[in-house]
Amino acid sequence: MRVLVFSDVHANLTALERTLADADEYDAVWCLGDLVGYGPDPNECIERIRHLPNLTCILGNHDAAVLGLIEIEAFNHEARRAIQWTRRELSEANLSFLRKLPERVVIGDVTLVHGSPRQPVWEYLLDSQTARYNFDFFDTSFCFVGHTHLPILFHLNEVDPYPTGGYLPPNQAIQLTPREIVNPGSVGQPRDRDPRAAYAIYDTETHIFEHRRVDYDIPAVQNRMRSIGLPLRHIERLALGW
Ligand code: ZN
């Protein structure tokens with residue numbers, strides 16, 4: 001099965017549409033959370049995502065904050081403003097879609113979470129030490145995560161005390177080997193200094209994982225954010241990819 005894997009769309013419809021067009025054919029979609037927050041198109045993004053074929057979708061921390069499941073004070077001032085705006089905007093049908101999202105799903109030999117297997121909604125997997133602890137919190141060969149907006153792989157092995165790995169090279173297919181934690185990067189707000197939308201195509205039989213990057217019309221999104229009055233920092237960072 002060929003799976004489109006993506007995360008952290010963050011209400012950026014232009015980046016989402018480019019990703020879906022670039023992905024060609026796929027049999028299923030795994031979305032790792034944070035459909036909303038930061039961006040100008042929360043309703044449009046949820047509607048687009050919830051109608052994708054064979055969708056499995058996970059709850060992210062921004063989704064949870066919009067629903068009031070986690071304290072909005074846990075976010076910085078600017079992220080909070082975007083969450084409050086999103087709350088006012090979302091239709092009842094889209095809120096109810098978010099309310100049904102699970103924090104963790106296992107499909108075959110892959111566990112799907114937003115943050116980490118230890119703390120599915122909140123923990124950031126940024127370093128190999130934190131990743132090491134998290135290998136004890138899932139049983140499958142692989143775990144796919146989002147949340148950091150960084151396309152990263154952590155590989156657990158017998159030789160090194162901490163997992164090895166690093167950033168995924170753009171537009172290259174790599175062979176996954178047990179056990180690994182993999183992040184496809186972010187569609188709507190990449191933070192690895194590459195502003196292009198990030199996603200992956202994963203083959204469940206061969207375990208080939210292809211991290212892809214695709215250009216999209218960033219100024220168009222920035223203009224929509226400006227007209228709504230979303231925080232300047234969130235507008236500017238899109239062009240810089242951080
Ligand atoms: Zn996010």
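Note that ligands are numbered from 1 as they come in the structure, with each ligand's atoms numbered from 1 the same way.
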Point to revise | Centroid-centroid under 6.0 Å between Trp30 and Phe142 rings | key: no
Check your understanding: Would His62 count as a contact for the Zn ion (ligand 1), in the sense that one of its N, O or S atoms lies under 2.8 Å from it?
Key -> no
Study note, to complete from the structure: Answer key: the N, O or S atom of His149 nearest to the Zn ion (ligand 1) is NE2
Practice item. Taking Asp194 for its side chain and Pro190 for its backbone only, find out whether a donor-acceptor pair lies under 3.5 Å. Key: no
Review point. With under 30° as parallel and over 60° as perpendicular, where do the rings of His149 and His10 fit, or are they tilted in between?
Key: tilted
Study note, to complete from the structure: Rounded to 10°, the OD1/Asp8 to the Zn ion (ligand 1) to NE2/His10 angle comes out at 100°
Check your understanding: Would you say His114 has an N, O or S atom lying under 2.8 Å from the Zn ion (ligand 1)?
Key -> no
Exercise for review: Assess the pair Phe209 and Phe144: is the distance between their ring centroids shorter than 6.0 Å?
Suggested key: yes
Point to revise | Check: His211 ring centre within less than 6.0 Å of Tyr199 ring centre | key: no
Practice item. Check all N, O or S atoms of Asp34 and name the one closest to the Zn ion (ligand 1). Key: OD2
